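Data first, discussion second: the structure below is written as structure tokens.
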Amino acid sequence: MSIQETLQTALKGRSLAGRSLLTWLDYTPEEIRFVLDLSKQVKREKNAVCERFKGKTLALLFEKRSTRTRCAFETAFGEEGGHPVFLSTADIQLGAKESIEDTARVLGRMFSAIQFRGFKQSTVEALANYSGVPVYNGLTDAFHPTQALADILTLEENFGACKGKKLCFVGDGRNNVARSLLVISAQLGVNFSIITPKALSPDPELLKICEPLAQRSGASITVCDDRDQVAGADALYTDVWVSMGEESKREERRALLKPYQINQTLMDMTGRKDAIFLHCLPAVKGEEVAAGVIDGPQSRAWDQAENRKHTIKAILLATLL
Ligand code: CP
Ligand code: NVA
């Protein structure tokens, strides 16, 4: 079946065309599963030359730096005939001399879709509310949904269906990557543990929102400060100890998170020789992960990075065709 046919027969006639992606909380488990399966098809057909985005334009707004997210959006869209336009805060008046709402209204008249990476979730929400075109969250302080999709794809490539697999996030339990993994795990039935010092526990409100989702999918969600809980894990995941915008907290975080580094001892504590290591990247080797682990045989961080492109292309295809 071609991707066009897949999209037409998708979700029993309920299309995702025109939808934004601000957080996976806005999607049903069936819709997430659809985009995940579409990502696999996109990856299988990655060498096909297509022009599915011909005549379309994508604004890429960046308040924060990026390698993977920017390159994934730009290449996934541009290779298929679309015209991506990169705009940093050095280029445009995003909430400075012009309100976010007005910028959104103008961009919505010129672009088929908008990607935003920056600080506040409320900015990406305002762009979606006022632009009238699909808006994709390419990372905010609160969520990083396109990353979480690539992470689940990587988990499934290694272990088959993600449902019932044990994924442990070890590190800053309140950051955007941990929060997005929490949501997608609750939606898809992944047994997800956040292993973090008490001071960095995830927002109780988000945990509460995820509770009924986890009940429906059968996911178990746990938060603890005990590293022994990695026992039996299929995958250990970490992220930087200091996220973008939190640079002043470096020393405090180093002190808190030092015992939570993913090194070979922690990988071995899973008791699983086939356990994999995941990291959204960029990594600070020697802080959240030992170089021997991220560069070693259990690491899937580089597949994960490649999967950003396939999953982002699938999101664009599902919402723009
Ligand atoms: N993982 C990720 O979002 O990487 P970039 O910050 O390079 O986009
Ligand atoms: N938590 C990190 C993720 C980077 C992809 C940050 O926000 O900087």
Side-chain angles (χ1 to χ4, degrees), residues 21-24 39 58 60-78 84 86-89 114-124 136-155 169-184 194-197 200-203 206 235-250 252-254 256-257 260-262 277-285 287-289 294 299-313 315-316:
L21 171 57
L22 308 185
T23 147
W24 290 117
S39 306
L58 174 65
L60 297 167
L61 307 189
F62 282 84
E63 285 179 342
K64 293 178 177 173
R65 285 170 189 245
S66 167
T67 300
R68 281 142 287 269
T69 308
R70 175 185 175 177
C71 295
F73 270 101
E74 228 173 287
T75 57
F77 194 68
F86 175 80
L87 298 161
S88 77
T89 40
I114 299 167
Q115 183 277 169
F116 171 78
R117 163 171 288 204
F119 295 90
K120 295 185 186 156
Q121 186 72 8
S122 60
T123 306
V124 79
Y136 312 110
N137 179 356
L139 180 148
T140 60
D141 291 345
F143 292 109
H144 197 3
T146 63
Q147 177 69 53
L149 190 68
D151 302 339
I152 297 296
L153 173 60
T154 313
L155 194 65
F169 180 93
V170 186
D172 175 8
R174 34 148 297 295
N175 84 7
N176 41 17
V177 168
R179 287 168 55 92
S180 287
L181 287 170
L182 169 60
V183 172
I184 206 163
I194 296 185
I195 301 175
T196 188
L200 297 174
S201 287
D203 175 16
L206 182 65
L236 300 190
Y237 193 125
T238 193
D239 182 12
V240 287
W241 289 344
V242 183
S243 286
M244 289 180 276
E246 299 185 325
E247 287 74 13
S248 64
K249 297 199 163 35
R250 177 160 290 281
E252 178 189 320
R253 287 288 164 73
R254 269 197 187 135
L256 269 172
L257 285 163
Y260 293 84
Q261 183 191 71
I262 299 190
F277 169 76
L278 297 172
H279 195 306
C280 55
L281 303 175
V284 184
K285 297 178 188 180
E287 283 201 359
E288 75 274 6
V289 61
I294 192 167
S299 175
R300 297 292 179 275
W302 319 109
D303 295 337
Q304 237 180 312
E306 177 190 331
N307 286 340
R308 297 298 309 287
K309 179 168 173 173
H310 307 305
T311 45
I312 281 172
K313 188 181 275 188
I315 292 163
L316 292 168

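We use all heavy atoms of the structure for the numbers below, so side chains are in, but hydrogens, waters and symmetry mates are not. Every value quoted in this text rests on a predicted model; they were computed, and no experiment measured them. For ligands, and for the atoms within them, numbers begin at 1 and follow the listed sequence.
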*Where ligand 2 meets L281 - atom numbers and elements under 4.0 angstrom, heavy-atom basis*: 5 (C)
So which protein heavy atom does [atom] come closest to, and at what separation?
{"atom": "atom 4 (C) of ligand 2", "result": "L139 CD1, 3.8 Å"}
{"atom": "atom 2 (C) of ligand 1", "result": "R308 NH1, 3.3 Å"}
{"atom": "atom 8 (O) of ligand 2", "result": "M244 N, 2.8 Å"}
{"atom": "atom 7 (O) of ligand 1", "result": "T67 N, 2.7 Å"}

*Does at least one non-hydrogen atom of L281 fall below 4.0 angstrom from an atom of ligand 1?*
yes
*Applying a strict 4.0 Å limit to heavy atoms, is K64 in contact with ligand 1?*
no
Between the side chain of [X] and the main-chain N/O of [Y], is any donor-acceptor distance below 3.5 Å?
{"X": "Q261", "Y": "E288", "result": "no"}
{"X": "N176", "Y": "T140", "result": "yes"}
{"X": "T69", "Y": "S66", "result": "no"}
{"X": "E63", "Y": "R117", "result": "no"}

*Taking the six-membered ring of F119, is NZ or CZ of K64 closer than 6.0 Å to its centre and within 45° of its axis?*
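Judged by the rule, K64 and F119 form a cation-pi pair.
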*Does F277 have R300 sitting over its ring (NZ/CZ under 6.0 Å from centre, angle to axis within 45°)?*
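No, R300 does not sit over the ring of F277.
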*Tell me which part of N176 gets within contact of ligand 2: side chain, backbone, both or neither, using heavy atoms under 4.0 Å.*
side chain
*Just by distance, with hydrogens left out, do Q121 and D141 show a side-chain donor and acceptor under 3.5 Å apart?*
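Result is no, nothing qualifies.
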*Examine the side chains of N307 and T154 and answer whether a donor and an acceptor come within less than 3.5 Å of each other.*
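There is such a pair (donor and acceptor under 3.5 Å, judged by atom type) between the side chains of N307 and T154.
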_Is it the case that the ring center of F116 lies less than 6.0 angstrom away from the ring center of Y136?_
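Ring centres of F116 and Y136 not closer than 6.0 Å.
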*Hey, does D239 come in under 3.5 Å of ligand 2, counting only N/O atoms on both sides?*
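Such a contact does occur with ligand 2.
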*asked:* Between ligand 2 and S243, is the shortest N or O to N or O distance under 3.5 Å?
replied: yes
*Under 3.5 Å between some N or O of ligand 1 and some N or O of C280?*
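Indeed, backbone or side chain, C280 has an N or O that close.
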*Best match, R65, R117, R68, R70: closest heavy atom to atom 6 (O) of ligand 1*: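 Result: the heavy atom closest to atom 6 (O) of ligand 1 is in R117.
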*Which ligand 1 atoms are under 4.0 Å away from a heavy-atom of H144?*
2 (C), 3 (O)
